[in-house]
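Naming: A, B, ... by sequence-line order, numbering from 1 per chain.
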There are 2 protein chains.
Amino acid sequence: MSEMELDNRGREILREIIRNFIHSGEPVGSRTISKIHPEGLSAASIRNIMADLEEMGYLMQPHTSAGRVPTDRGYRYYVDSLLTGMEVPRSDRERVAEAVRGQGGLPEVLAEISRVISSITHQVGFVVSPDHTLAILKHIEFISLGSKRILAILVDRSGVIHNRVADTSEEISQEELDKIGKYLVSEYHGKTLTQIREALLQKMKEEKARFDTLLSRALALGTQFLQAQEEADQQVFVQGTSNILQQPDFSDMEEMRRIFETFEAKGRLVKILDEVVGSEGLRVVIGSEHPDPALAHLALVVSPYKVGDQPAGMLGVLGPTRMEYARAMALVGYISKLLSRILTVPPS
Amino acid sequence: MSEMELDNRGREILREIIRNFIHSGEPVGSRTISKIHPEGLSAASIRNIMADLEEMGYLMQPHTSAGRVPTDRGYRYYVDSLLTGMEVPRSDRERVAEAVRGQGGLPEVLAEISRVISSITHQVGFVVSPDHTLAILKHIEFISLGSKRILAILVDRSGVIHNRVADTSEEISQEELDKIGKYLVSEYHGKTLTQIREALLQKMKEEKARFDTLLSRALALGTQFLQAQEEADQQVFVQGTSNILQQPDFSDMEEMRRIFETFEAKGRLVKILDEVVGSEGLRVVIGSEHPDPALAHLALVVSPYKVGDQPAGMLGVLGPTRMEYARAMALVGYISKLLSRILTVPPS
DNA sequence: ATTGGCACTCAGCCCTGGAGAGTGCCAGGA
DNA sequence: TCCTGGCACTCTCCAGGGCTGAGTGCCAAT
């Protein structure tokens with residue numbers, strides 16, 4: 001094996017080194033691997049291979065006389081090519097099931113899921129709530145709060161409740177509001193919010209000339225609230241941030257502070273996640289691969305989940321690059337599939 | 001001045017020491033104070049006074065040859081007797097006003113307030129949302145989500161929206177639900193949720209014998225949801241946790257972890273706050289005075305706010321005991337009064 | 001190609017000694 | 001009686017030096 005490609009033995013050694021490091025957190029030396037190695041290579045031979053792996057950028061030494069530590073590139077190779085698939089243990093599946101079965105609306109369930117992820121992996125778990133615009137209209141209701149303030153309550157097919165307050169230019173009576181609500185439901189029941197908004201805009205153009213005040217008000221009100229809804233931030237549930245502090249890998253307070261700041265600024269977090277997550281399938285982002293430097297020493301395992309056939313939200317795990325990738329990936333994959341199923345075919 | 005009581009000069013010195021320590025974070029020595037002191041006492045005299053203050057438990061030395069540091073008792077005395085009242089600067093008042101004026105419902109405003117508190121004090125800011133049970137009914141609506149699942153939406157007089165999903169024992173049609181909602185509103189509009197619940201329970205006893213299904217269902221449904229509502233956790237908005245990490249006062253990771261855990265477990269946090277907050281007025285809890293050991297090195301400035309004449313929620317600041325008490329107290333007091341006013345006379 | 005051997009490097013630890021900050025106490029002065 | 005200057009003392013902090021243990025890189029032998 002020279003500098004070009006990784007032969008089979010090199011891969012085996014690399015895997016063993018990373019596995020070891022993930023569990024111990026200590027730089028791993030040639031002797032350690034030599035003892036484990038099935039074919040019984042001597043420490044000296046391992047050293048040669050290690051030197052090669054280092055040259056290729058998969059490993060590095062914290063200092064001259066220490067063992068080796070994986071680089072981000074090393075983890076990347078490990079995740080892409082060395083990882084053996086893993087089942088989610090039965091006990092974990094049960095904990096997830098329990099969280100999903102829980103009482104309360106979707107927000108409560110998502111919060112509970114983030115809690116379970118955090119608790120199983122001992123890392124930071126997160127769930128980003130589904131995109132509102134994909135919600136399918138089931139019921140809409142307008143309630144006058146007095147003097148031109150109107151509250152809109154919208155229920156989607158899976159029982160998620162969206163609400164929004166806005167001001168209108170003119171006073172509208174409660175009866176009229178009821179009628180407008182009924183009209184919108186009867187007309188657009190079963191459509192997604194985006195579809196409805198488009199349909200309303202279309203109709204507004206067509207009907208402009210006419211003077212059916214009820215209808216025009218319905219259109220105005222509907223578009224106004226759907227617009228607001230689209231702009232509303234997605235909710236983010238983050239749990240287990242204190243786990244990050246446990247990790248001995250971190251000692252730099254200033255960096256730590258920036259990480260916590262990122263967790264707190266939910267909007268920024270979603271943006272970062274949006275940048276890296278695809279429309280399909282699980283992604284792993286490791287250390288320096290992150291677009292945001294605040295996460296430069298963290299690894300992210302994230303997967304989108306769907307509502308119907310549209311990607312709607314995402315969930316995952318954040319932790320130090322020294323992370324049990326296999327476990328985290330299995331869990332995140334499992335939950336994202338489960339959640340997609342639940343949201344697509346609503347319970348009952 | 002001997003061991004018994006603090007004479008005027010002792011108080012002056014103590015105040016100066018604490019002021020100094022709050023700003024520098026370094027143990028303060030006799031020379032430093034001697035230089036500041038208006039009456040021009042020598043360092044040696046200051047030392048004698050310091051020794052007395054230490055004996056009385058207001059100060060301590062981290063080690064023999066260091067300056068003095070306030071004890072929790074010292075801070076307590078400072079807060080109770082040495083603090084000169086302070087105005088909230090105009091610029092801060094404006095930032096608060098802006099947060100309150102913001103678009104969106106109450107939750108958004110409260111979240112924004114916690115953010116402003118954190119940003120002004122550079123500490124952790126928090127707001128606990130008002131107790132649901134004090135809300136005054138304006139509108140209630142039941143929506144069937146199919147197969148015995150029912151969503152209740154309740155709007156109170158200040159425009160806050162509460163919603164809750166629950167299962168019923170038998171299917172109820174949407175028309176019936178509408179009727180039930182209308183009935184409850186017409187009957188109990190303007191009452192608080194607690195009052196309503198009691199009235200309903202009362203009525204249930206009386207009407208037990210009769211067989212008006214609509215009425216009995218209304219009663220059952222109403223009590224069920226109001227019950228659930230009372231049990232619902234109060235929301236807590238916590239912001240600026242990362243500021244805690246900036247503080248050089250903390251270095252013990254394990255303790256830090258426990259603090260962050262406490263911030264994350266909102267329920268536990270509310271319980272702790274409930275224990276210390278009174279029904280009226282601002283409270284300061286310093287270090288070891290805390291009932292919960294997790295906060296043993298933190299200081300808390302907290303005040304309840306009211307809806308009408310009932311204490312409803314609370315808000316405040318959490319930070320190291322080395323905190324700018326005057327500023328924090330002024331700000332928390334100011335905001336709590338402002339919030340009480342807003343919630344009592346809702347912005348039309 | 002693999003291995004045992006050997007020299008080398010470096011973090012971690014403990015010890016030491018000097019500098020600096022601050023104290024406690026004492027004796028002299030208003 | 002209270003205040004103050006002076007002085008010895010204590011203790012942290014830091015830098016330097018020596019030792020140990022872990023682990024490496026390289027070389028010559030198999």
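- Centroid-to-centroid, the aromatic rings of A/Phe260 and B/Phe260 come within less than 6.0 Å.
- A donor and an acceptor atom, one from each side chain of A/Glu264 and B/Thr241, are located under 3.5 Å apart.
- The OH atom of B/Tyr75 lies 10.5 Å from the CG atom of B/Leu14; values are rounded to the nearest 0.5 Å.
- In this structure, A/Arg73 has no salt bridge (charged side-chain N to carboxylate O under 4.0 Å, His left out) partners at least two apart in sequence or on a different chain.
- With respect to the salt-bridge test (charged N to carboxylate O, under 4.0 angstrom), the residues B/Arg76 and B/Asp80 qualify.
- Side chain to side chain, A/Tyr77 and A/Arg11 meet the donor-acceptor criterion of an N or O pair below 3.5 Å.
- A/Gln123 contributes no side-chain N or O that, together with a main-chain N or O of A/Val317, makes up a donor-acceptor pair within less than 3.5 Å.
- Near-neighbour residues of DNA chain D inside residues 29-37 of chain A, defined by a heavy atom below 4.0 Å, number-ordered: A/Gly29, A/Ser30.
- A donor-acceptor distance shorter than 3.5 angstrom exists from the side chain of B/Gln61 to the backbone of B/Thr64, with no hydrogens or angles considered.
- The interatomic distance linking B/Glu26 (CD) with C/dG20 (P) rounds to 17 Å, in whole Å.
- Between the side chain of B/His37 and the main chain of B/Ile13, no donor-acceptor pair closer than 3.5 Å is present.
- Ion pairing between a basic and an acidic side chain is recognised when a charged N comes within 4.0 Å of a carboxylate O; B/Glu12 and B/Arg15 show such pairing.
- Taking atom CD on A/Glu55 and atom C1' on D/dT24, their separation rounds to 15 Å, with Å as the unit.
- Between A/Arg257 and A/Glu254 there is a salt bridge, with a side-chain nitrogen of the basic residue lying less than 4.0 Å from a carboxylate oxygen of the acidic one.
- Going from atom CG of B/Asp7 over to atom P of D/dC2 covers 11 Å, rounded to whole Å.
- Atoms CD1 (B/Ile49) and P (C/dC25) sit 16 Å apart, rounded to a whole Å.
- The rotation axes computed at either terminus of the helix from C/dA1-D/dT30 to C/dA30-D/dT1 lie 20° apart, taking five pairs at each end and rounding to 10 degrees.
- At distances below 3.5 Å, at least one donor-acceptor pair connects side-chain atoms of B/Ser24 with backbone N or O atoms of B/Asn20.
- Checked by atom type, the side-chain pair A/Thr262/A/Arg268 shows a donor-acceptor distance below 3.5 Å.
- Here the side chain of A/Ser114 pairs no donor or acceptor atom with the backbone of A/Gly125 at under 3.5 angstrom.
- The side chain of A/Thr64 places an N or O atom within less than 4.0 Å of a non-bridging phosphate oxygen (OP1 or OP2) of C/dC10.
- Listed for the A/Arg322 side chain is a donor-acceptor partner under 3.5 Å among the backbone atoms of A/Ile22.
- Counting to the nearest Å, the P atom of D/dT24 and the CG atom of A/Asp52 are 14 Å from each other.
- Residues from residues 67-75 of chain B with heavy atoms under 4.0 angstrom of DNA chain C, sorted by number: B/Gly67, B/Arg68.
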Quick one: which protein N/O atoms are closer than 3.5 Å to N/O atoms of nucleotides 12-20 of chain D? Pair and distance per line, please.
none

Atom pairs under 3.5 Å, N or O on each side, protein against nucleotides 2-6 of chain C: can you list them with distances?
unit_1 : atom_1 : unit_2  : atom_2 : d
C/dT2  : OP1    : A/Arg9  : NH1    : 2.8
C/dT2  : OP2    : A/Arg9  : NH1    : 3.3
C/dT2  : OP2    : A/Arg9  : NH2    : 3.3
C/dT3  : OP2    : A/Ser42 : N      : 3.0
C/dT3  : OP2    : A/Ser42 : OG     : 3.4
C/dT3  : OP2    : A/Ser45 : OG     : 2.7
C/dG5  : O6     : A/Arg47 : NH2    : 3.3

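- Salt-bridge formation is detected for the pair A/Glu16/A/Arg19: a Lys NZ or Arg NE/NH1/NH2 atom is positioned less than 4.0 Å from an Asp or Glu carboxylate oxygen.
- B/Ile17 places its CD1 atom 13 Å from the C1' atom of C/dT23, with the value rounded to the nearest Å.
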